Amino acid sequence: MDGAAPPDPPHTATGPDGHAEQPAEEAGRLDALIAERRAKLQRLRARHIEPYPVGVTVTDALADVTARFSDRLEPGEGSGEAASVAGRLVARRGHGKIVFLLLREADAELQVMAQLDVLGAEAMALVADLDVGDWVAATGEVVRSRRGELSVQATAVTLIGKALRPLPDKWHGLRDTETRFRQRYVDLAVNADARRVFTIRARVLAALRGEMTERGYVEVETPMLHPIPGGAAAKPFVTRSHALDMDLYLRIAPELYLKRLVAGGMPRVFEINRVFRNEGISPRHNPEFTMLESYEAYADYTDVMVLVQALVQRAAHEAVATTTVTYGGRAVELGGPWPRRTMLELVREATGRSDLDYDTSIEAVRTLCGEHGIAVEDAWGTGKLVLELYEKLVEHTLWEPTFVTDYPVEVSPLARRHRDDPRVTERFEAIVVGRELANAFSELTDPDDQRARLEAQALAKAAGDEEAMVVDEDYLRAMEFGMPPMGGLGLGVDRLVMLLADVHTIRDVILFPTLRPE
RNA sequence: GGGCCGUUAGCUCAACGGGUAGAGCUCCGGACUUUUAAUCCGGCGGAGCGGGUUCGAGUCCUGCACGGCCUACCA
């Protein structure tokens with residue numbers, strides 16, 4: 001019985017290929033692809049070829065070669081000029097004794113021809129082991145192929161960085177949003193649109209810095225770690241200093257430090273850098289985002305309006321070469337002077353209550369909010385209620401650039417009271433495509449008024465408003481030393497990039513947006 | 001934070017009233033000295049994680065994870 005081996009095992013029938021001995025590999029497809037490339041790596045090392053060499057000599061940027069020969073050479077013609085280029089191998093077309101390699105460096109692409117009778121058998125064997133995704137250098141004459149493609153007729157092809165993982169589909173690219181954000185290196189490698197957006201971002205930053213610098217503003221760097229969070233109404237991130245044995249806050253705005261600098265005698269300062277707000281994450285909100293803030297002595301908010309227009313228009317010119325941009329299929333004209341509208345008149349128009357004013361009884365304004373389905377809180381004064389009406393009814397309707405001016409004092413604790421109306425401040429927000437792009441005011445420079453406003457904020461905080469400000473005694477001391485009048489600005493750089501790049505989520509303009517770990 | 005939706009091969013996408021999941025690209029082997037998503041022949045590869053219902057679950061229920069959208073807060 002125990003010796004009666006079944007003569008005809010029913011489950012081991014093998015096909016003509018007969019791989020019955022192979023244990024069922026549980027490793028997935030990806031592991032197999034990686035194993036394949038590792039095998040190539042081993043073959044190279046066995047031939048004493050280093051797949052991760054130290055720096056290589058590359059004399060020509062791909063973009064320079066393509067530009068230099070863009071309108072030269074007939075199909076099949078050689079230039080007699082040599083080039084030494086490098087890039088990522090993004091496509092290969094093998095024909096046995098000739099192999100076409102497409103290299104990409106940034107947005108430039110150039111074909112390399114690897115030909116048996118030019119390179120020799122040994123080098124061709126190396127070319128045969130190249131994979132899409134590898135970093136490759138090539139040297140040779142710049143020629144135009146018979147079909148007219150500018151090419152390097154390689155006399156040497158060198159692997160300069162082996163890729164062990166496969167790149168996504170060459171045609172469909174990478175679409176999965178999560179992978180695009182988590183593995184931005186892959187997104188940038190295969191999606192031209194990702195490169196386009198971040199090129200725009202770089203140009204916007206350069207344009208903003210250029211305009212500010214030319215206008216005589218000095219770029220400064222103020223603390224990211226604040227003992228007291230201030231300068232905006234937002235929940236901060238808290239961190240811990242072991243050396244000081246105290247909590248510190250990642251800044252929610254650089255505002256109060258920049259104003260200290262103006263008090264100290266720097267009449268025009270600006271800073272472009274990250275701020276951090278511990279609030280919700282959404283297609284338009286990332287916990288860390290980039291702000292341009294600037295302060296100019298002797299200026300008021302009307303001067304800042306001129307500055308904002310100049311900044312946005314210059315950024316548009318330098319990033320996308322026009323001030324007429326398209327956002328979500330709809331045109332926006334960023335050029336020309338932007339209209340100025342007070343918040344009150346916009347709310348009057350939207351509600352049809354031409355008699356509405358900051359003196360209107362609070363009950364009447366609450367009722368008005370109720371009529372428009374706006375939930376209100378008991379602690380809100382008339383100013384906050386009017387702001388709610390504006391934000392819910394008006395802001396999203398302002399497509400073309402608009403300066404919305406004269407915000408209520410109640411919601412503007414750092415802005416100077418309006419010279420003609422103490423109930424409102426000399427503050428504006430620049431609204432474009434229904435979204436706030438910038439916030440600015442004639443800064444409050446009266447230390448007594450400032451103290452009163454901060455103390456009101458402190459009361460609100462004590463009452464449970466997590467975003468209310470706290471009293472910053474050192475900032476008040478700086479004010480007491482005397483401040484010149486000044487105009488201040490905060491401009492959301494990410495949103496400006498979104499506008500100019502025509503993208504609709506902030507994660508598309510931030511290289512590594514905040515995500516939960518995988 | 002709340003609601004809704006999603007997760008199928010390395011990538012991009014399918015299919016089915018619950019019955020052993022298909023394609024293109026990639027990849028591997030072969031042919032090919034001018035391709036352009038090269039082509040031709042052949043081949044490999046898969047249900048986010050965990051429970052449950054069921055004779056049988058990728059499909060139904062449920063928990064978790066991650067993501068997307070809306071909403072709230074905000075910029």
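All chains are named by letter (A, B, ...) in the order of the sequence lines, taking the proteins before the strands, and each is independently numbered beginning at 1. What you are looking at is a predicted structure, and each value in this text was computed from that prediction instead of being measured.
Distance check on atom C1': B:C66 versus B:C49 gives 11 Å, rounded to whole Å. Rounded to whole Å, the C1' atom of B:U8 lies 8 Å from the corresponding atom of B:A21. Spacing between B:G46 and B:U20 at atom C1', rounded to whole Å, works out to 13 Å.
Both distances falling under 3.5 Å, in either a Watson-Crick or a G-U wobble arrangement, place B:U12 opposite B:A23. B:C60 is paired with B:G52 under the criterion used here, namely a Watson-Crick or G-U wobble arrangement in which both key atom distances are under 3.5 Å. With a cut-off of 3.5 Å on both Watson-Crick or G-U wobble distances, the partner of B:G18 is given as none. Summarising the base pairing, B:A65 is matched to B:U7 through a Watson-Crick or G-U wobble pair whose two defining distances lie under 3.5 Å. Across all strands shown, B:A38 has no partner, as no Watson-Crick or G-U wobble contact with both distances under 3.5 Å is found.
Looking at heavy-atom distances under 4.0 Å, A:Gly492 makes no contact with the nucleic acid at all. When heavy atoms are screened at a 4.0 angstrom cut-off, A:Glu466 is found touching no nucleic acid atom at all. Within the nucleic acid shown, A:Arg180 has no heavy atom closer than 4.0 Å to any nucleic acid atom. A:Arg182 comes within 4.0 angstrom of sugar-phosphate atoms only, judged by non-hydrogen atoms across all strands, and of no base. Backbone-only engagement by A:Glu36 is indicated by non-hydrogen atom pairs under 4.0 Å involving sugar-phosphate atoms exclusively. Note on A:Asp117: a base of the nucleic acid sits closer than 4.0 angstrom, heavy atoms only. Within 4.0 Å of A:Ser145, counting heavy atoms only, lies at least one base atom of the nucleic acid. Using a 4.0 Å heavy-atom criterion, one finds that A:Arg284 contacts the bases of the nucleic acid, with or without backbone contacts as well. Contacts of A:Pro283 with the nucleic acid, taken as non-hydrogen atoms under 4.0 Å apart, involve only primed sugar atoms and P, OP1 or OP2. Residue contacts for A:Glu518: at a heavy-atom cut-off of 4.0 Å it reaches no nucleic acid atom on any strand shown.
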Query - ring pair (Phe, Tyr, Trp, His ring centres under 6.0 Å) between A:Phe403 and A:Phe428, intermediate numbers included - result: CA-CA 6 Å; A:Phe403 290 120; A:Phe428 73 83; 5.0 Å; yes
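Taking side-chain N and O atoms only, A:Arg277 has a distance below 4.0 Å to OP1 or OP2 of B:A75.
The distance from atom CG of A:Asp472 to atom NE2 of A:His226, rounded to the nearest 0.5 Å, is 9.5 Å. Distance check: A:Leu205 CG to A:Ile200 CD1 gives 12.0 Å after rounding to the nearest 0.5 Å.
Using a 5.5 Å limit on the distance between ring centres and a 30° limit on the angle between planes, the aromatic ring of A:Trp171 does not count as stacked on the six-membered base ring of B:G24.
Ion pairing between a basic and an acidic side chain is recognised when a charged N comes within 4.0 Å of a carboxylate O; A:Lys162 and A:Asp131 show such pairing.
A:Arg184 forms no cation-pi arrangement with A:Phe512, by the criterion of a distance under 6.0 Å to the ring centre and an angle within 45° of the ring axis.
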